[in-house]
Amino acid sequence: MKTVRARPYDYMKTIEARPYAYAFDPAHTAVVMIDMQRDFLEPGGFGAMLGNDVTPLQRIVPACRALLALARAQGLHVIHTQEAHDAQLADCPPAKKARGQLACGIGDAGPLGRVLVAGEPGAGFVPELQPQSGDTVLRKPGKGAFHATALDAILHAQGITHLLIAGVTTEVCVQSTMREANDRGYECLLVQDCAASYFPAFHDAVVEMVVAQGGIVGWAAPLAAVQAAFDEAAQAA
Ligand code: C5J
């Protein structure tokens with residue numbers, strides 16, 4: 001007998017993931033796109049000024065765009081985080097500003113405006129990944145997205161229990177956020193080809209760290225596996 005479904009999303013979906021299948025209900029799931037900002041992805045930005053090659057980060061933009069399109073098409077919540085400080089740097093600890101001993105560091109005027117300052121060109125999202133109406137944009141002063149932000153309250157208010165996490169950089173803001181979320185009880189999946197590091201070996205290591213020990217931080221899967229979960233759902237509907 002065919003089951004009559006009131007809404008397709010009353011049912012759990014599964015993503016083929018490591019270390020084992022990730023079950024989620026899209027109505028309680030958000031995509032969290034971490035810090036896809038010009039300051040990290042473009043020459044002249046903060047990442048480049050730290051001496052990094054930005055091209056590994058630029059390479060994931062098409063996949064991130066596809067993930068956002070999928071999320072919006074399927075009605076998932078979309079959250080963009082933005083690492084940026086207020087103009088007075090009141091939310092930037094002196095230790096953070098001093099780190100790296102940069103001639104042009106956080107708050108200083110650089111090729112993309114004042115580095116990592118909200119409202120400056122460099123703090124903005126890359127053109128391909130601009131937030132759309134209905135998305136949530138969350139400014140954060142730290143690496144982890146839960147530190148000194150309302151993220152936990154926002155997720156509770158929206159009934160979100162599951163997070164599909166993407167963005168940059170894998171071993172800094174992505175991993176920090178995933179660990180913070182995991183400790184708060186969220187079920188997190190790293191969309192591994194929608195995340196990148198200036199150091200590809202660090203990216204690979206984080207994927208292994210996440211899934212080791214039975215998924216001690218969560219799950220990892222490629223975008224194709226996330227897409228397949230919805231394709232299967234469409235086929236079964
Ligand atoms: C860094 C980030 N790497 N978004 N920020 O400073 O990972």
Side-chain angles (χ1 to χ4, degrees), residues 31-61 63-64 67-68 79-86 89 91-108 110-118 120-126 128-131 136-149 151 163-182 188 190-207 209-210 217 220:
V31 166
V32 184
M33 188 60 68
I34 307 273
D35 299 358
M36 292 299 284
Q37 299 163 240
R38 297 181 63 196
D39 258 329
F40 295 112
L41 276 83
E42 291 188 8
F46 180 61
M49 284 193 283
L50 285 166
N52 297 304
D53 171 12
V54 294
T55 54
L57 275 58
Q58 292 175 346
R59 271 188 221 116
I60 64 165
V61 169
C64 289
L67 176 61
L68 291 179
I79 298 170
H80 305 259
T81 72
Q82 178 192 44
E83 184 177 343
H85 298 281
D86 67 38
L89 302 189
D91 55 0
C92 180
K96 180 176 179 183
K97 178 165 169 51
R99 200 68 58 79
Q101 301 182 316
L102 292 172
C104 179
I106 296 173
D108 299 329
L112 302 181
R114 292 184 67 202
V115 177
L116 288 188
V117 170
E120 297 287 331
F125 299 103
V126 296
E128 299 89 337
L129 302 175
Q130 288 293 313
T136 298
V137 176
L138 183 86
R139 179 150 76 84
K140 64 183 183 62
K143 303 305 180 191
F146 288 84
H147 168 68
T149 73
L151 181 56
L163 304 177
L164 307 181
I165 301 183
V168 298
T169 63
T170 316
E171 80 282 14
V172 185
C173 293
V174 172
Q175 179 170 222
S176 294
T177 299
M178 194 162 178
R179 287 178 182 274
E180 287 178 331
N182 185 56
C188 301
L190 173 62
V191 188
Q192 62 197 55
D193 46 355
C194 293
S197 168
Y198 300 116
F199 309 92
F202 288 179
H203 170 86
D204 294 346
V206 169
V207 174
M209 284 180 217
V210 162
V217 184

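In listed order, ligands and their atoms are each counted from 1. If you're wondering where the values come from, they're calculated on a predicted model, not measured in any experiment.
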Determine whether D91 and R139 make a side-chain contact, defined as any pair of heavy atoms from C-beta on separated by less than 4.5 Å. yes
Under 3.5 Å, is there a donor on one side chain and an acceptor on the other for H85 and K97? no
Should you measure from each heavy atom of V172, which atoms of ligand 1 turn up under 4.0 Å away? 1 (C), 3 (N), 7 (O)
Kindly identify the option in Q175, E171, K143 whose heavy atom sits closest to atom 6 (O) of ligand 1. K143
Around atom 2 (C) of ligand 1, find the nearest protein heavy atom and jot down its residue, atom name and distance. C173 SG, 2.7 Å
For ligand 1, the portion of V174 having any non-hydrogen atom under 4.0 Å away: neither
Mind checking whether V206 and V174 have side chains closer than 4.5 Å, heavy atoms only? no
Considering non-hydrogen atoms of the protein only, which is the closest contact for atom 5 (N) of ligand 1, and what is the distance? E83 OE1, 3.0 Å
With V168 as partner, the option from Q58, E83, H203, M36 fulfilling side chain to side chain contact (heavy atoms under 4.5 Å, CB included) is M36
Hey, does T169 come in under 3.5 Å of ligand 1, counting only N/O atoms on both sides? yes
Pairwise side-chain contact, Y198 with L57, heavy-atom cut-off 4.5 Å (strictly under): yes
Among D35, T81, L57, which one has a heavy atom closest to atom 4 (N) of ligand 1? D35
Contact (N/O only, under 3.5 Å) between I34 and ligand 1: no
Please work out which of the three classes, parallel, tilted or perpendicular, describes the rings of H80 and F125, given edges at 30° and 60°. tilted
Check each atom of ligand 1 against the heavy atoms of V168 and keep those under 4.0 Å away; list them by number with element. 2 (C), 4 (N), 7 (O)
I want to know if ligand 1 touches F40 in the polar sense, i.e. an N/O pair below 3.5 angstrom. no
Run the side-chain contact (heavy atoms from CB on, under 4.5 Å) test on D35 and K140 for me, step by step, so that the C-alpha distance in whole Å, both residues' side-chain angles and the decisive distance to 0.1 Å come before the verdict. CA-CA 9 Å; D35 299 358; K140 64 183 183 62; 2.8 Å; yes
